[in-house]
Amino acid sequence: MKKILNHTYIKVVFLLIMASLLCFSFFDHSVQNEKRITENLTSITEENNQQTNAAIYEKLKDEIHILQIYATLISQNEDITADASFQALQPLLENELFTRIAITNAEGISFTSDHFQHDSSNRDYYKEGMKGNYLISNLTTSVIDQSDVVVMSVPI
């Protein structure tokens with residue numbers, strides 16, 4: 001047996017086998033660590049997204065409440081699309097969330113704070129408003145300037 005172990009060829013083969021096992025073990029450990037790190041990062045990202053979404057939802061809910069207060073104020077006017085209504089809404093334009101304010105009459109015609117007029121009767125925010133519901137839209141295209149917008153609407 002000693003003669004066999006003293007043989008240089010067998011020693012080299014034995015060392016190569018041991019080195020291969022060590023490399024495989026290291027590779028397997030690296031792959032497992034990579035999977036663990038990926039799972040942890042995914043979990044952290046999902047948790048962070050949930051917290052961000054909750055904060056955005058709460059902010060939008062607050063803004064809807066403010067819009068409802070303004071809608072109640074405007075409903076006191078005989079003509080909700082008159083200049084007096086837009087003057088009452090002027091403070092909203094100072095809020096970074098609002099770039100334009102529109103008042104839509106019962107026929108679905110929208111009048112905007114920057115003096116545009118368009119038919120909104122086919123838009124979800126008009127349809128929901130006519131049912132007495134508020135709406136926060138998904139990203140949509142503005143009919144006025146084709147920019148991407150999110151519409152927040154409340155019934156008047």
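Linking Ile, Leu, Val, Met, Phe, Trp and Tyr whenever their side-chain heavy atoms come within less than 4.5 Å puts L60 and L92 in one cluster. One hydrophobic cluster, built from ILVMFWY side chains closer than 4.5 Å, holds both I80 and L93. One hydrophobic cluster, built from ILVMFWY side chains closer than 4.5 Å, cannot hold both Y134 and Y125; they sit in different ones. Linking Ile, Leu, Val, Met, Phe, Trp and Tyr residues whenever their side-chain heavy atoms come within less than 4.5 Å leaves I109 and V151 in two separate clusters. Hydrophobic clustering of Ile, Leu, Val, Met, Phe, Trp and Tyr side chains at less than 4.5 Å, counting indirect connections, unites F86 with L97.
Annotation: salt bridge (charged side-chain N to carboxylate O under 4.0 Å, His left out) contacts involving residues 124-137, sequence neighbours excluded, comprise E128-K131. Among residue pairs with one or both ends in residues 138-152, those qualifying as salt bridge (charged side-chain N to carboxylate O under 4.0 Å, His left out) are R100-D145; sequence neighbours excluded. Applying the salt bridge (charged side-chain N to carboxylate O under 4.0 Å, His left out) definition to pairs two or more places apart or across chains, none involves residues 40-52. Listed by first then second residue, pairs satisfying salt bridge (charged side-chain N to carboxylate O under 4.0 Å, His left out) with a partner in residues 63-85 read K59-E63, not counting sequence neighbours.
We find the CG-CG distance between L73 and L89 to be 8.0 Å, quoted to the nearest 0.5 Å. Separating the CZ atom in F98 from the CG atom in L67 is a distance of 4.0 Å, to the nearest 0.5 Å. Between atom CD1 of residue I103 and atom CD1 of residue I156 there is a gap of 5.5 Å, rounded to the nearest 0.5 Å. A distance of 7.5 Å separates OH in Y70 from CD1 in I66, rounded to the nearest 0.5 Å. Here S120 contributes atom OG and N105 contributes atom CG; the two are 9.0 Å apart, rounded to the nearest 0.5 Å. The distance from atom OG of S153 to atom CG of L135, rounded to the nearest 0.5 Å, is 4.5 Å.
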Begin from the C-alpha positions of K61 and E58 and carry the test salt bridge (Lys or Arg N to Asp or Glu O under 4.0 Å) through to its verdict. CA-CA 5 Å; K61 230 170 65 171; E58 287 302 315; 3.7 Å; yes

Given V150 and L139, is the side-chain contact (heavy atoms from CB on, under 4.5 Å) satisfied, shown in steps? CA-CA 5 Å; V150 174; L139 194 62; 4.1 Å; yes

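Dense packing is recorded around CG of N95, with more than 12 heavy atoms of other residues, nucleotides or ligands lying under 6.0 Å away.
Here L41 is tied into one hydrophobic group with I37, each link being a pair of ILVMFWY side chains closer than 4.5 Å. Side-chain heavy-atom separations under 4.5 angstrom define the hydrophobic clusters, and the remaining members of the one that includes F116 are V143, I144.
Using modelled atom types, no side-chain atom of S142 and backbone atom of S147 make a donor-acceptor pair closer than 3.5 Å. In terms of modelled atom types and a separation under 3.5 Å, the side chain of T38 and the main chain of E34 share a donor-acceptor contact. Between the side chain of S113 and the main chain of I101, a donor-acceptor pair closer than 3.5 Å is present. S75 places a side-chain N or O within 3.5 Å of a backbone atom of T72 that can act as its donor or acceptor partner.
Defined by atom type and a distance below 3.5 Å, a donor-acceptor pair is missing between the side-chain atoms of R123 and S137.
Pairing each heavy atom of S110 with each of T104, the nearest pair is OG-OG1, 2.5 Å.
Annotation: side chain of I69 is in contact with side chain of H65 (closest heavy-atom distance under 4.5 Å).
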